[in-house]
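A quick write-up on the structure given underneath.
Here the structure is a predicted model, which is why all the values come from computation and not from measurement. Computed over heavy atoms, backbone and side chain alike; hydrogens, waters and symmetry mates excluded. Residue numbers start from 1 in every chain, and the chains themselves are labelled A, B, ... in the order their sequence lines are given, proteins ahead of strands.
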Amino acid sequence: MEKYSPHEIEKKWQQKWADEKIYKTEMNPERKKYYVLEMFPYPSGNLHMGHVRNYSIGDVLARYKTMEGFNVLHPMGFDAFGMPAENAAIKHGVKPSDWTYSNIDNMKRQQREMGLSYDWDREVETCRPEYYRWTQWMFELFYRRGLAYKKKASVNWCDTCGTVLANEQVIDGKCWRCDSDVRKKDLSQWFLKITDYADELLKDLDLLKGWPDRVKTMQENWIGRSEGAEFSFDVPDFQEKIPVYTTCPHTVFGVTYVVLAVEHPLVEKLIQGRENEAEIRAFMDETRNMSELERTSADSEKKGMFTGAYAVNPFNGKRVPIWITNYVLYEYGTGAVMGVPTHDERDWMFAAKYGLEKILVVNNPEGTLSLDTMDNAYVDPGVLVNSGAFTGMDSEKAKGAIIQWIVDHNIGQRKVNYRLRDWLISRQRYWGAPIPVVYCPHCGEVLVPEEQLPVKLPENVKFEQGSVSPLAQCSDFVNCTCPKCGGPAKRETDTMDTFICSSWYYMRYTDPDNATMPFAKDKVNYWAPVNQYIGGIEHAILHLLYSRFFTKVLRDAGLVGFDEPFTNLLTQGMVIKDGSKMSKSKGNVISPEEIIAHYGADTARLFILFAAPPERDLEWSDQGVEGAFRFLNRVWRIVGQFAATVKNAPDVYDVKALTKEEKELRRVLHVTIKKVTEDIRDRFMFNTAISSIMELVNAFYVFQDKPEINAGLLREVTLDLIKILAPFAPHITEELWSDIAGQGSVHQQQWPAYDPAAMVQDEVEIVLQINGKVRGKLVIDAALDREAMEQAALEHPRVRELVAGKGIVKVIAVPKKLVNIVVK
RNA sequence: GCGGCUGUGGCGAAAUGGCAGACGCGCUAGCUUCAGGAGCUAGUGAUGGCAACAUCAUGGUGGUUCGAAUCCACUCAGCCGCACCA
């Protein structure tokens, strides 16, 4: 028998699969579809182990579902716009497009070497004009629906990347990509109105039964819905009003001051001409210059200054001082807050620091609180005190009553607020989809007409370190004619956040070559939503939230007929080595290419699926890889040993004629088929699926020196073994299949069914317990009922010995499992 | 502070109310081989014992139960997310 040589086999089959296009998929409304998708990669140039894990998981599902009879869509593509291509241009003088396409070529080669079942005819690359034309079309769709707008705002700016960032892309005050500090900058930028969908994005999390709770919680936190009231304090000296937002309207009688964010437009008016104006301005500048992290950290010291002005509480006419502070955010609510030191921890600290008045307005249910004994704010429910007509009311009820009072007196209304902000999508970069807008001195902001899309990226641009966006310097690009009046105009020179490109790519896969639409309705509605999406947890908010938003907008525009893009989500764990994430700086990187070159793709895939369940972090082990390789060799040898017999063996045979040992092998086979089926289909527990296949192979080895084994059984075991191993190790199984079965691909076979009759055991070993402790074992007829089991247990010599002289309180018998005798 | 996840042999892990540690790695022994870091077979949680066997053991403490890694309460440790959002 020939040795198992993965390289020859893998190369041969990869070629054949590609030539014969066995993974090509067509829409077929007659058939049930299944859409399995792995998050497409950024083309950095090389696959890493995280990719290998991601694609291995997806490939098992795709192959399994195909064998189950589904019409499976399993595509791949590249999230090809982004900064690194531009950095390469600056550093090495290569064109971003050349750099990107050569990286894509290399990664595609590596993906092919993994033996993944992609329909490559559906590949999508977001940097191709054929694709970004539709990204720009999407922008225009949003614009026309009033969901894209330009405004001047204080935005997150990363100096290293030379561009702005969305809120979701700032992690702990640092840039998500390069980890450098983010600072605020006032710029006029494009936004998508994701806040219009805040409530639905929150509510529809309930529809996502197949998503991990963790991800849903993160999105829920991010959206940050809160309910309360918005109403105004009068500032009679200036004939102004200060609207405030509060989630605790029941504490209004405890207000002793009002605070404004330093950016609040009213501040200017209030402080003008004050004797300490210069001092106040210095404080404002200081606050404005704080980093995002300092400014929003809960531990930062709360500082403020009195403006010298007063506001009037509409509930009791009380005059309270107006302060400015570093702890109120201008972007949230109204940028102004009512200060209630007794019932808000921050206000307590602030009041304590500056000696502001405190009034108790909510007492605890026992009524034992008093200002003299309190040492921090009381924030729990209770009973209102010192609250005029509302005194004595339960605090929860008072919320509603006070809101009603606000509405009745026409000073405000019930209000829901979100932490979520609109999505800032402008990027001052070259390598992205240009925003298809023209600025005309006469017509203003004008969309590039649909038929003129795409607005193509110019090729003749210069890349220099630290300079402004290359597009802004490219006069051929900037200067254009106004589509409306035909006069001279200038193009928008910012490109779109690459997260826009990835917010709809999974829909493009359903109709990738469409030149007249982003995708045809019948195709997208046949294939989408994605049944199973697989990727890293790092996109819990970013990509996954944006894609949900896009889906809802496209639905409202009538382009798609579903509410959510990804029905089920699997978040895979990281691949780690020596306890920490693989990284160049730690020198613990294992290259997939080397592993595949050494052991073959089947071994790499098998190991990575076997070493841990998909959601958990996976510790890389070189010895574990050896073990996977050894297992495939074992399969190769045992199948090879019997190959000749199996080829000539009958498909049908008399099961009753099997020996006891043969029957046991057949039982293990069917138990394994059931286990593997359920582990893949219901639990994604590929590790236990593989371990049960290993057990089957171990059981098979009992017959290695027994050529007299029933040929029919031998054929059944061998063929089914190859089939159930096929999703995990596609090449070796294809080779064995072609050798034995002779025709067709194993990957197009039907998944084996298990026969419950074959799984029945005549005899089972049960455990005998006395007071819950194992005291013996007994092999009995599996069909025995409870009484018979009890009987058998009580006759067991050791049990008799231990029970002798004691009173039996109770006997519990569980068929096929155990008998527990409770004695005293 | 709020929310979530994870704690099981020397290691990766199984077991979701019924024999804790399946399967794999590592280790030990035997067989096989000219030899092997190849292959096959067997053993392998700890402690005590010649042994049968017993006791202990799933981060900790309590509880529910005939029976708990599994359910409940509290608690410790590690990781992750959000965090001055009024």
[X] side-chain N/O to [N] phosphate OP1/OP2 under 4.0 Å:
X        : N     : answer
A/Arg616 : B/C79 : no
A/Arg798 : B/C53 : no
A/Asn820 : B/C19 : no
A/Arg419 : B/A83 : yes
A/Tyr327 : B/A86 : no
A/Lys773 : B/G18 : no
A/Arg630 : B/C25 : yes
A/Ser226 : B/A86 : yes

Which residues, if any, of residues 682-690 of chain A bring a heavy atom under 4.0 Å of RNA chain B?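 Only A/Arg683, A/Met685, A/Asn687, A/Thr688 qualify.
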Hey, are the side chains of A/Leu570 and A/Glu615 touching, using non-hydrogen atoms and a 4.5 Å cut-off?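 Yes, at least one pair of side-chain atoms sits under 4.5 Å.
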Indicate, with yes or no, if the rings of [X] and [Y] have centres closer together than 6.0 Å.
X        : Y        : answer
A/Trp423 : A/Phe499 : no
A/Phe700 : A/Phe642 : yes
A/Phe350 : A/Tyr257 : yes

Classify A/Gly627 by what it touches in the nucleic acid, base, sugar-phosphate, or nothing, heavy-atom distance under 4.0 Å.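 Sugar-phosphate only.
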Answer with yes or no whether [X] presents, from its side chain, a donor or acceptor under 3.5 Å of a partner atom in the base of [N].
X        : N     : value
A/Lys817 : B/C19 : no
A/Lys810 : B/C66 : no
A/Asn221 : B/C82 : no

Is the glycosidic angle of B/G9 within 90° of 0, making it syn, or outside that range, making it anti?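 Syn conformation here, the glycosidic angle of B/G9 being no more than 90° from 0.
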Base paired to B/G78 (Watson-Crick or G-U; both N/O distances under 3.5 angstrom):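 By the stated definition (distances under 3.5 Å), B/C5 pairs with B/G78.
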Pair partner, B/G30 [Watson-Crick or wobble, under 3.5 Å]: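 Checking every strand shown, B/G30 finds its partner in B/C40, with both distances under 3.5 Å.
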Pairing donors with acceptors under 3.5 angstrom, does anything connect the side chains of A/Asn326 and A/Lys302?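 Side chains of A/Asn326 and A/Lys302: no pair found under 3.5 Å.
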Does the side chain of A/Thr195 come under 3.5 Å of the side chain of A/Asp422 through a donor N or O and an acceptor N or O?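 Yes.
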May I have the distance from A/Tyr332 (atom OH) to B/C82 (atom C1'), rounded to whole angstrom?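 Taking OH of A/Tyr332 and C1' of B/C82, I get 14 Å after rounding.
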Round to a whole Å and report the spacing from CG of A/Leu818 to P of B/A20.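 Checked: the CG to P distance equals 10 Å.
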Does A/Lys303 NZ have over 12 foreign heavy atoms under 6.0 Å away?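 Result for NZ/A/Lys303: open.
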Which is it for A/Lys353 and A/Glu301 under the salt bridge (charged side-chain N to carboxylate O under 4.0 Å, His left out) test, yes or no, and what are the steps along the way? CA-CA 10 Å; A/Lys353 184 176 165 84; A/Glu301 193 187 1; 2.4 Å; yes
Distance, C1' atom - from B/C80 to B/U64, rounded to whole angstrom: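 Looking at atom C1' only, B/U64 and B/C80 are 32 Å apart.
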